[in-house]
Amino acid sequence: MIMYRSIRRRSFGYIEAVISTVVLGSAIVAALGMFGGYVRGIEASVDGLKARELACELLAEIVSRPFEDPNRLPGNFGRAAGETLRKDFNDVDDYHRWEESPPTAFDGTPLGGNEYAGFTRRVVVRNVDAETMQSVVANGSSSAKRITVIVEHNGKLRAKLFAYRTRNDAWN
């Protein structure tokens with residue numbers, strides 16, 4: 001004798017459809033949030049690369065200048081009269097407190113069109129103890145200077161590079 005068992009098939013009801021929609025919607029929202037974080041991370045990484053490029057370019061320019069102004073007495077610090085544009089700077093400490101936004105080339109032309117919009121470059125030059133290269137000393141009393149180039153994008157720090165220049169460097 002053959003016995004048949006009745007199998008009841010259940011249909012997909014409204015409650016299951018609502019639950020599936022909620023679960024799927026939650027998964028999509030979570031995925032979009034993660035994707036947004038990924039995009040922001042890439043954007044910050046690209047900003048960091050651009051900022052390091054801008055900082056390196058300016059730092060290389062500064063360290064290529066003489067330690068002191070060749071037209072002034074030793075020990076003077078800062079810009080001399082007439083040194084208002086970057087192309088007029090003739091020694092390292094002329095760059096102290098230099099700030100520009102957007103970044104420009106040496107001759108004052110803007111760099112990269114809109115590529116560097118929102119970027120700001122600042123420079124701080126300090127006389128430091130020649131032995132420790134750390135302790136800040138009075139202007140003109142040291143044979144070493146620490147140069148700091150800071151690059152920000154929309155007010156957020158993206159790069160900060162240091163270099164040291166001494167009176168007896170090969171450039172002088």
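Remember, it's a predicted structure, so these values are computed and weren't measured experimentally. When reading the values below, keep in mind they use all heavy atoms of this one structure, side chains included, and skip hydrogens, waters and symmetry mates.
No side-chain heavy atom of T132 sits under 4.5 Å from any side-chain heavy atom of V128. Contact of the F119 side chain with the P103 side chain is registered, since non-hydrogen atoms from C-beta on lie closer than 4.5 Å. The shortest side-chain heavy-atom distance between S143 and T166 does not fall under the 4.5 Å cut-off. The closest side-chain heavy-atom distance from F89 to H96 is not below 4.5 Å. The closest side-chain heavy-atom distance from V92 to V125 is below 4.5 Å. At least one side-chain heavy atom of V123 sits under 4.5 Å from a side-chain heavy atom of I147. Using a 4.5 Å cut-off on side-chain heavy atoms (C-beta onward), E99 and R121 make no contact. Residues R158 and K156 meet the side-chain proximity criterion, which asks for heavy atoms closer than 4.5 Å.
For the atom pair CD1 (I150) and CG (L58), the distance works out to 11.0 Å, reported to the nearest 0.5 Å. The CZ atom of R52 lies 14.0 Å from the CG atom of L59; values are rounded to the nearest 0.5 Å. The distance from atom CG of D47 to atom CG of L54, rounded to the nearest 0.5 Å, is 10.5 Å. The line from CG of L157 to OG1 of T120 is 11.5 Å long, rounded to the nearest 0.5 Å. Between atom CZ of residue F162 and atom OG1 of residue T148 there is a gap of 4.5 Å, rounded to the nearest 0.5 Å.
In this structure, V151 is a member of the same hydrophobic cluster as W98, with clusters built from ILVMFWY side-chain heavy atoms closer than 4.5 Å. I62 and V124 sit in two unconnected hydrophobic clusters of ILVMFWY residues. Membership requires side-chain heavy atoms under 4.5 Å apart, directly or through other members.
Here the shortest heavy-atom pairing between F67 and A144 reads CZ-N, 3.7 Å. Across all their heavy atoms, R79 and D94 have their closest contact at NE-O, 2.8 Å. Nearest approach of N90 to P66, heavy atoms of both residues: O-CD, 3.2 Å. Listed here is the closest heavy atom pair of V63 and A163: CG1-CB, 3.8 Å. Taking every heavy atom of both residues into account, E57 and L111 meet most closely at OE1-CD1, 4.5 Å. Residues A55 and L161 approach most closely at CB-CD1, 3.5 Å, considering heavy atoms.
In I15, the CD1 atom is not crowded: 12 or fewer heavy atoms of neighbouring residues, nucleotides or ligands sit closer than 6.0 Å. A 6.0 Å sphere centred on CG of N114 holds no more than 12 heavy atoms belonging to other residues, nucleotides or ligands.
Taking 4.0 Å as the cut-off between side-chain N and carboxylate O, E152 and R122 count as a salt-bridged pair. Between E68 and K145 no salt bridge is recorded (no basic side-chain N to carboxylate O distance below 4.0 Å).
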Just list the side-chain donor-acceptor pairs under 3.5 Å for residues 24-37, sequence neighbours left out, or say none.
| from | atom 1 | to | atom 2 | distance (Å) |
| --- | --- | --- | --- | --- |
| S26 | OG | V22 | O | 2.9 |

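Under the side chain to side chain contact (heavy atoms under 4.5 Å, CB included) criterion, F106 pairs with E61, R65, R86, K87, Y95, not counting sequence neighbours.
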